[in-house]
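What follows is one structure encoded as structure tokens, with my remarks underneath.
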Amino acid sequence: MPELPEVETIRRTLARHLPGRRIDGLEVRLPKLLRPEPRTFREKVLHRIFGEPRRQGKILILPLDGLALLVHFRLTGQLVFLDTCSPEPPHTHLLFFLDEARLAYADLRQFGWLEVIEEKELVSHPVLSSLGPEPFSLSAEEFHQRLCRHRRGLKALLLDQRFLAGLGNIYVDESLFRAALHPERPANTLSPEEASNLLHVIREVLCRAIETGGSSVRNYVDGEGREGSFQLEHLVYGRRGEPCPRCGSHIVYKRVASRGTYFCPRCQKG
DNA sequence: GACAACCTGACC
DNA sequence: GGTCAGGTTGTC
């Protein structure tokens, strides 16, 4: 589920509640989500106090004085702060007890994971250190140069977290539509202007998605259990057969890079 | 590159 | 019954 805007929204909403709270207890219902194994995990996090949440790509980083709790939501993970009386979400697999409050990790498909590491291991962590730059942290020139090194299609490349960190299926389709670029267009065929424009629309889409609290297509909610509304501004994602907002042709659905892909065959030239 | 694997649930 | 799903990883 969560791509960069959703994880960023979760980060921001949790930042209102977590910093300064201590973990007093832990209830593990699905051990396979934890690294290291639950015994060590519990030993490490117990009695620690949360710091200011951070994010790298789609990974949420929760500092815990000296430690870091990494959370990857994959497709259906949720991390929700619960007041005394709020009910826990369905498919809750892990509960942190924080004084009167709780923090629930729920995950319908059970693909997500939580890992505790030492803060000093952050720089060398295999997942984090393999991430490419974020769309906000590289120049148009650098982006164009990186694109030129690959002959893969744009969709496949933009989904690759080693190339660029944070985009997923929704935001790649929405960005390519807005940039009028075909998802199968070889990356090394973009002109400097096309590359610069693509980076520009990626940033616009991500910023607007963050402003609107992310896309709640299926079951995404933020750290307070609330849905986002960027799905109302999707121009192609999930709109198979509907008229293209730019030219009126039918939006096509096709498997590209093994992912369901929505695009306008007329506006988005290959 | 394509595909299966990891899971549960919604929808046709 | 089959297909699809905001992701990633490992296999041919």
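Just the heavy atoms: all of them, side chains too, but no hydrogens, waters or symmetry mates, feed the values below. Letters go in sequence order (proteins before strands), and every chain restarts at 1.
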Using the P atom on both, measure C:dC4 against B:dC3 and round to a whole Å.
-> 12 Å
Would you kindly give the CG-to-P distance between A:L75 and B:dG9, to the nearest whole Å?
-> 15 Å
Could you work out the separation of C:dT8 and B:dG9 based on their P atoms and round it to a whole Å?
-> 23 Å
Return the value, rounded to whole Å, for the distance between atom NZ of A:K155 and atom P of B:dA2.
-> 13 Å
Quick one: label A:R255 by what it contacts on the DNA or RNA (base, sugar-phosphate, nothing), any heavy atom closer than 4.0 Å.
-> sugar-phosphate
Return the value, rounded to whole Å, for the distance between atom CD1 of A:I170 and atom C1' of C:dA5.
-> 10 Å
How are the rings of A:Y237 and A:Y262 set relative to one another: parallel (under 30°), tilted (30 to 60°) or perpendicular (over 60°)?
-> perpendicular
To the nearest angstrom, the CZ-C1' distance between A:R240 and B:dC12 comes to 11 Å
Please examine the side chains of A:L4 and A:Y171, heavy atoms only from C-beta on, and report whether any two atoms are closer than 4.5 Å.
-> no
Would you call A:E224 and A:R12 a salt bridge, using N to O less than 4.0 angstrom?
-> no
Nucleic acid contacts - residues 104-119 of chain A versus DNA chain C, non-hydrogen atoms under 4.0 Å = A:R109, A:F111
Just by modelled atom types, is the A:P135 backbone N or O under 3.5 Å from a matching donor or acceptor in the A:R203 side chain?
-> yes
Using a strict 4.0 Å threshold on nitrogen-to-oxygen distance, state whether A:R208 and A:E174 make a salt bridge.
-> no
Could you list, one pair per line, each protein nitrogen or oxygen that sits under 3.5 Å from a nitrogen or oxygen of nucleotides 8-12 of chain C, together with the distance?
{"unit_1": "C:dT8", "atom_1": "OP1", "unit_2": "A:H72", "atom_2": "NE2", "d": "3.1"}
{"unit_1": "C:dT8", "atom_1": "OP2", "unit_2": "A:K58", "atom_2": "NZ", "d": "3.0"}

Paired and unpaired positions of DNA chain C as dot-bracket, Watson-Crick or G-U wobble under 3.5 Å, | denoting a partner strand = |||||.||||||
Return no unless some side-chain N or O of A:H91 is found under 4.0 Å from OP1 or OP2 of B:dC7.
-> no
Side-chain ion pair, A:R29 and A:E88, N-O less than 4.0 Å = yes
Determine the contact category for A:Y253: base if any of its heavy atoms lies under 4.0 Å from a base atom, sugar-phosphate if only primed atoms, P, OP1 or OP2 are that close, otherwise nothing.
-> sugar-phosphate
Cationic tip of A:R246 within the cone over A:F177's six-membered ring, i.e. under 6.0 Å and within 45° of the normal?
-> yes
In whole angstrom, give me the gap between the P atoms of B:dA2 and C:dA5.
-> 15 Å
Check: A:D107 side chain, A:G112 main-chain N or O, donor-acceptor pair, under 3.5 Å = yes
For atom CG of A:N219 and atom C1' of C:dG7, their distance in whole Å = 13 Å
Which part of the nucleic acid, if any, lies within contact of A:Y171, taking any heavy atom under 4.0 Å across all strands shown: a base, the sugar-phosphate backbone alone, or nothing?
-> nothing
Would you mind reading off the distance between A:Q78 atom CD and C:dA5 atom P, rounded to a whole angstrom?
-> 20 Å
Examine the side chains of A:T40 and A:E37 and answer whether a donor and an acceptor come within less than 3.5 Å of each other.
-> yes
Between A:E204 and A:H200, is there a donor-acceptor pair closer than 3.5 Å when you use the side chain of the first and the backbone of the second?
-> no
For A:R35 and B:dC6, what is the distance between atoms CZ and C1' respectively, to the nearest whole Å?
-> 13 Å
Mind checking whether A:W113 and A:H125 have parallel, tilted or perpendicular rings, split at 30° and 60°?
-> parallel
Output yes when at least one side-chain N/O atom of A:K32 is less than 4.0 Å from OP1 or OP2 of B:dC7, else no.
-> yes
In terms of side-chain geometry, is the basic nitrogen of A:E27 or A:R102 positioned less than 4.0 Å from the acidic oxygen of its partner?
-> no
